[in-house]
Enquirer: 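Pasting a structure here, questions to come.
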Amino acid sequence: MSKFFVTTAIPYVNAKPHIGFALELVQTDTVARWHRSNNNEVWFLTGTDENALKNVQAAEQAGQAPADFVTDMSQKFKQLGGVLNISNDDFIRTTEDRHVRGAKKLWSACKGEDIYRKAYTGQYCVGCEQFYTESELVNGLCPEHKIRPEQVSEENYFFKLSNYQIKLEQLITSGELRIIPESRKNEMLAFIRRGLEDFSVSRSVERTKGWGVGVPGDDSQVMYVWFDALSNYITALDYADNGDRYQQFWLNNQRRVHVIGKGISRFHCIYWPAMLLSAGVPLPTEIFIHGYITVEGEKISKSLGNTVDPVELVERYGTDPVRYYLLREISAYEDGDYSEEKFLQRYHSDLANGLGNTLSRVTNMIASYSEGRVVKQNKVELAVEQIAKAMADWRFDVALTNIMAWVKLVDGEVEQTKPWQLAKESQTEELNKLLSRWHSILLQVGESLAPFIPATSQKVVAILSAEKITKAEPLFPRLEIKN
RNA sequence: CGCGGGGUGGAGAAGUGGCAUCUCGCCUGGCUCAUAACCAGGAGAUCGUGGGUUCAAGUCCCACCCCCGCAACCA
């Protein structure tokens, strides 16, 4: 029995979750369930990043104290997990004590020479209360407030990323730190080879209004939010106290896996491993990077107002259809698109007319031609190794295509063998043989779907395992197409 | 000379050297067990453009055109 530790990124909670994070949750959940069903000991972690300065700003706008604000928002992310039937074992909030202590421990564990003080000078917009890089400015003006930012200088701590350039390149090239897909790996290597600059890892207490994790031994500074946020992956395992879980799932484990979105790959593939190297802590072994979801072909943005609320989506269509869409329609390696039209198409062709209808027709035939009983035959051998291969490659879409092909197989065979005629002609033996065969295939379809659409999987298995099989009610009723 | 991704039948996608695949739509036929579902056949693609390598290229190489992201302290 091998172990498998898997995490999602922890989103910052300045707004309620959108469909992009739902994708990440569902993908990670599917991988976690897949490994559990293969008898691995799995620990699946998700949570929320609550120390960002942006949260303080969002709280002010909402007229709430930061602590209350992040608690409310964090709740929304937790609820999303419930709504999507996510099987996480733990949920960490970076305002928790175990995290704060762990983040400080990690900071202190870093080599002394790697964290140093330096004056940081940047373009600071008073309106936004944040620094901008030259490239972010539009004609030298803040893109938000259209005013010229002030040149501000303050002392911060910096992390000596340049110390780890060669080591990081070697780790990624050798595959010791595996980055999936290949294209992202190349992107990271190209970035490293261009030369790594040190980055600041703290902010002044004044600017953050005291929000955040304090820098050990320096009351005037709090940690830069990324330094603290990244450490959640080990602080949740009780790194602070060197707990059992940390020993079991981080130190003595071959699979330490992060699932993230493409926008934050640099932090996870470069900053985070460098921090761990400095602190003498083992690195993650794999980082899987998914793409972004566009909506009707457009980038999701609040100003466009095209955000899709995953909770609403589930309320309208149900958990499993949403999970199915995210896993089947969105290519795991690249950007994918969500649109109502595509959703309905996928729903009808694969779930209603495919799986649901086929289950109805087969169960109905078993009920009416053989009184609900299936003469047990040998299990039909299906090519399950293709699914295993797809899952090893993180190709959820391919895995599901393979499973759904079995449903099509049954439909084709029913058509060809015309069981309703066999029934009229009382060819019971032939009929029973066929019914048993289809029963076996659909049962395996049901079982195979467990990591992807768990509730549906359970239903299918239950229906087919009944003492006396009755005609299945539509699993996925056809939906009104509204125009 | 910044980096990366993409350009495949009407639409959306799969496909990294060997008869161009799937879903939707369209046409014709079949079936009646099933959720107006299912099955078979068909029309429809110069696989962005131009070169090259090869017995063989959507797939490898070169050049170019178009679209989309990213460009360090920002999910």
Side-chain angles (χ1 to χ4, degrees), chain A residues 8-15 17-18 20-21 24 49 52 54 120 122 130-136 156 158-159 161 181 183-184 186-191 193-201 203 224-227 229 260-268 270-271 291-292 294 297-300 328-331 333-337 339 341-342 344-346 348-369 395 397-398 401 404-405 408 410-423 435 438 471-479:
Chain A
T8 67
I10 51 172
Y12 68 108
V13 294
N14 70 334
H18 64 60
F21 188 60
E24 186 165 310
D49 170 14
K54 286 193 175 177
Y120 173 72
Q130 68 166 354
F131 282 96
Y132 280 101
T133 60
E134 288 297 337
S135 58
E136 284 172 324
N156 290 147
F158 274 71
F159 182 85
L161 190 60
S183 55
R184 298 287 169 214
N186 294 337
E187 221 172 291
M188 287 303 108
L189 283 171
F191 182 77
R193 286 168 185 153
R194 250 175 283 154
L196 296 179
E197 290 170 23
D198 298 348
F199 65 103
S200 99
V201 287
R203 297 286 187 264
Y224 168 49
V225 68
W226 270 108
F227 192 98
I260 61 167
K262 66 176 182 178
I264 54 176
S265 30
R266 192 165 294 161
F267 298 98
H268 285 79
I270 295 171
Y271 293 13
Y292 279 170
T294 55
E298 298 271 6
K299 192 181 161 183
I300 296 176
R328 172 62 188 84
E329 185 74 24
I330 310 286
S331 159
Y333 287 6
E334 290 162 28
D335 289 355
D337 189 51
S339 77
E341 194 190 337
K342 285 186 185 128
L344 289 173
Q345 185 180 307
R346 197 47 91 177
H348 284 117
S349 66
D350 292 12
L351 297 179
N353 302 345
L355 178 63
N357 182 54
T358 306
L359 184 72
S360 291
R361 62 195 305 210
V362 170
T363 50
N364 182 53
M365 288 190 283
I366 293 172
S368 46
Y369 299 155
R395 291 300 302 268
D397 53 339
V398 173
T401 304
M404 287 304 179
K408 286 196 123 357
V410 171
D411 268 333
E413 287 186 6
V414 169
E415 209 63 38
Q416 248 176 3
T417 55
K418 301 192 185 354
W420 47 92
Q421 270 183 22
L422 297 177
L435 291 177
W438 299 329
K471 182 185 169 185
E473 288 306 306
L475 283 181
F476 303 99
R478 289 182 63 81
L479 299 168

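These numbers come from the heavy atoms of this one structure, side chains and all, not from hydrogens, waters or symmetry mates. Each chain gets a letter, A, B and so on, in the order its sequence line appears, and its residues count up from 1.
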Enquirer: Please enumerate all residues that pass ring-ring contact (aromatic ring centres under 6.0 Å, His included) together with A:Y271, with sequence neighbours excluded.
Expert: A:F199, A:F267
Enquirer: Just how far, in rounded Å, is P of B:A75 from CZ of A:F267?
Expert: 7 Å
Enquirer: Taking only side-chain nitrogens and oxygens of A:K262, does any of them come within less than 4.0 Å of OP1 or OP2 of B:G5?
Expert: no
Enquirer: Could you tell me whether A:R395 contacts a base, only the sugar-phosphate backbone, or nothing, with contacts defined as non-hydrogen atoms closer than 4.0 Å?
Expert: sugar-phosphate
Enquirer: Between N or O atoms, less than 3.5 Å apart, protein on one side and nucleotides 30-32 of chain B on the other: list the pairs.
Expert:
{"from": "B:G30", "atom 1": "N2", "to": "A:E415", "atom 2": "OE2", "distance (Å)": "2.8"}

Enquirer: Quick one: are A:R328 and A:T401 in side-chain contact, heavy atoms under 4.5 Å?
Expert: yes
Enquirer: Of the non-hydrogen atoms in A:R203 and A:N156, which two are nearest, and what is the gap between them?
Expert: CA-ND2, 3.9 Å
Enquirer: Whole-Å distance between B:C3 C1' and A:F191 CZ?
Expert: 11 Å
Enquirer: Given side chains that start at C-beta, do those of A:D350 and A:F476 come closer than 4.5 Å, heavy atoms only?
Expert: no
Enquirer: Just checking A:G195: base, sugar-phosphate only, or nothing, at a heavy-atom cut-off of under 4.0 Å?
Expert: base
Enquirer: Which value, in whole Å, describes the distance between the C1' atoms of nucleotides B:G17 and B:A57?
Expert: 6 Å
Enquirer: Heavy-atom nearest nucleotide on RNA chain B for A:G20 versus A:Q345: which residue maps closer to 5'?
Expert: A:Q345
Enquirer: For the C1' atoms, the ones on B:G25 and on B:G42, what distance do you get once it is rounded to whole angstrom?
Expert: 14 Å
Enquirer: Would you say A:H268's side chain and A:G261's backbone share a donor-acceptor pair under 3.5 angstrom?
Expert: no
Enquirer: For A:M365 and B:A37, what is the distance between atoms CE and P respectively, to the nearest whole Å?
Expert: 18 Å
Enquirer: Extract the stems that RNA chain B is part of, considering only consecutive pairing runs of at least three Watson-Crick or G-U wobble pairs, both distances under 3.5 Å.
Expert: B:2-7 with B:65-70, B:10-13 with B:21-24, B:26-30 with B:38-42, B:48-52 with B:60-64
Enquirer: Base, sugar-phosphate, or nothing: which does A:S360 touch, judged by heavy atoms less than 4.0 Å apart?
Expert: base
Enquirer: Measuring only the P atom in each nucleotide, how far is B:G51 from B:C38? A whole number of Å is fine.
Expert: 45 Å
Enquirer: In whole Å, I'd like the distance from the CG atom of A:L161 to the C1' atom of B:A72.
Expert: 10 Å
Enquirer: Taking the C1' atom of each, how far is B:G48 from B:U59, in whole Å?
Expert: 16 Å
Enquirer: A:Y292 stacking on B:A75: centroids under 5.5 Å, ring planes under 30°?
Expert: yes
Enquirer: Could you tell me whether A:L475 contacts a base, only the sugar-phosphate backbone, or nothing, with contacts defined as non-hydrogen atoms closer than 4.0 Å?
Expert: base
Enquirer: For B:A43 versus B:C65, give the span between their C1' atoms, rounded off to a whole number of Å.
Expert: 32 Å
Enquirer: Please answer whether the main-chain N or O of A:I260 pairs with a side-chain N or O of A:T8 as donor and acceptor at a distance below 3.5 Å.
Expert: no
Enquirer: Checking side chain to side chain contact (heavy atoms under 4.5 Å, CB included) for the pair A:T358/A:W438: CA distance, chi angles, key distance, verdict?
Expert: CA-CA 10 Å; A:T358 306; A:W438 299 329; over 6 Å; no
Enquirer: Does A:E413, at its CD atom, have more than 12 non-hydrogen atoms belonging to other residues, nucleotides or ligands within less than 6.0 Å?
Expert: yes
Enquirer: Students often get this wrong, so: under 4.0 angstrom with heavy atoms, is A:N357 touching a base, only sugar-phosphate, or nothing?
Expert: base
Enquirer: Closest approach to the side chain of A:S349, judged atom by atom: which nucleotide of B:U23, B:C38, B:A72 is it?
Expert: B:U23
Enquirer: Can you tell me if the side-chain N/O atoms of A:R478 get under 4.0 Å from OP1 or OP2 in B:A37?
Expert: yes
Enquirer: Determine whether A:F191 and A:L196 make a side-chain contact, defined as any pair of heavy atoms from C-beta on separated by less than 4.5 Å.
Expert: yes
Enquirer: Is there a donor-acceptor pair closer than 3.5 Å between any side-chain N or O of A:Y292 and the backbone N or O of A:G263?
Expert: yes
Enquirer: Can you see if the side chain of A:N364 gets near the phosphate of B:A34 - specifically, an N or O under 4.0 Å from OP1 or OP2?
Expert: yes
Enquirer: Using a cut-off of less than 4.0 Å, is there contact between a side-chain N or O of A:R328 and OP1 or OP2 of B:C22?
Expert: no
Enquirer: Distance check, C1' atoms only: B:U46 and B:U8, in whole angstrom units.
Expert: 12 Å
Enquirer: What interatomic distance, in whole Å, is found between C1' of B:C31 and the corresponding atom of B:G69?
Expert: 49 Å
Enquirer: Roughly how far apart, to the nearest Å, are B:U23 and B:G30 at atom C1'?
Expert: 22 Å
Enquirer: Under 4.0 Å, heavy atoms only, any strand: does A:L196 hit a base, just the sugar-phosphate, or nothing?
Expert: base
Enquirer: For A:E187, report the nucleic acid contact type (base, sugar-phosphate, nothing); a contact means any heavy atom under 4.0 Å.
Expert: sugar-phosphate
Enquirer: Mind calculating the distance between CG (A:D411) and C1' (B:U35) to the nearest angstrom?
Expert: 12 Å
Enquirer: In whole Å, I'd like the distance from the CG atom of A:D335 to the P atom of B:G12.
Expert: 16 Å
Enquirer: Would you classify A:A9 as touching base, sugar-phosphate or nothing, given that sugar-phosphate means primed atoms plus P, OP1 and OP2, and contacts are heavy atoms under 4.0 Å?
Expert: nothing
Enquirer: So, do A:V410 and A:R361 sit near enough that their side-chain heavy atoms are less than 4.5 Å apart?
Expert: no
Enquirer: So what does A:H18 hit on the nucleic acid, given a heavy-atom distance under 4.0 Å: a base, only sugar-phosphate, or nothing?
Expert: base
Enquirer: Using a 4.5 Å cut-off on heavy atoms from C-beta on, say whether the side chain of A:Y333 contacts that of A:R184.
Expert: no
Enquirer: Considering only side-chain heavy atoms of A:R266, which listed nucleotide, B:A72, B:U35, B:G5, is closest?
Expert: B:A72
Enquirer: Mapping A:T358 and A:Y271 to their closest nucleotides on RNA chain B, which lands nearer the 5' end?
Expert: A:T358
Enquirer: Compare all side-chain heavy atoms of A:V13 with those of A:K54 and state whether any distance is below 4.5 angstrom.
Expert: no
Enquirer: Select base, sugar-phosphate, or nothing to describe what A:G356 touches, counting heavy atoms under 4.0 Å on all strands.
Expert: base
Enquirer: Tell me the interatomic distance from A:R346, atom CZ, to B:A13, atom P, rounded to whole angstroms.
Expert: 11 Å
Enquirer: When the distance from CG of A:N156 to P of B:A72 is rounded to whole Å, what number comes out?
Expert: 18 Å
Enquirer: Do the side-chain N or O atoms of A:K54 get closer than 4.0 angstrom to the phosphate oxygens (OP1, OP2) of B:A75?
Expert: yes
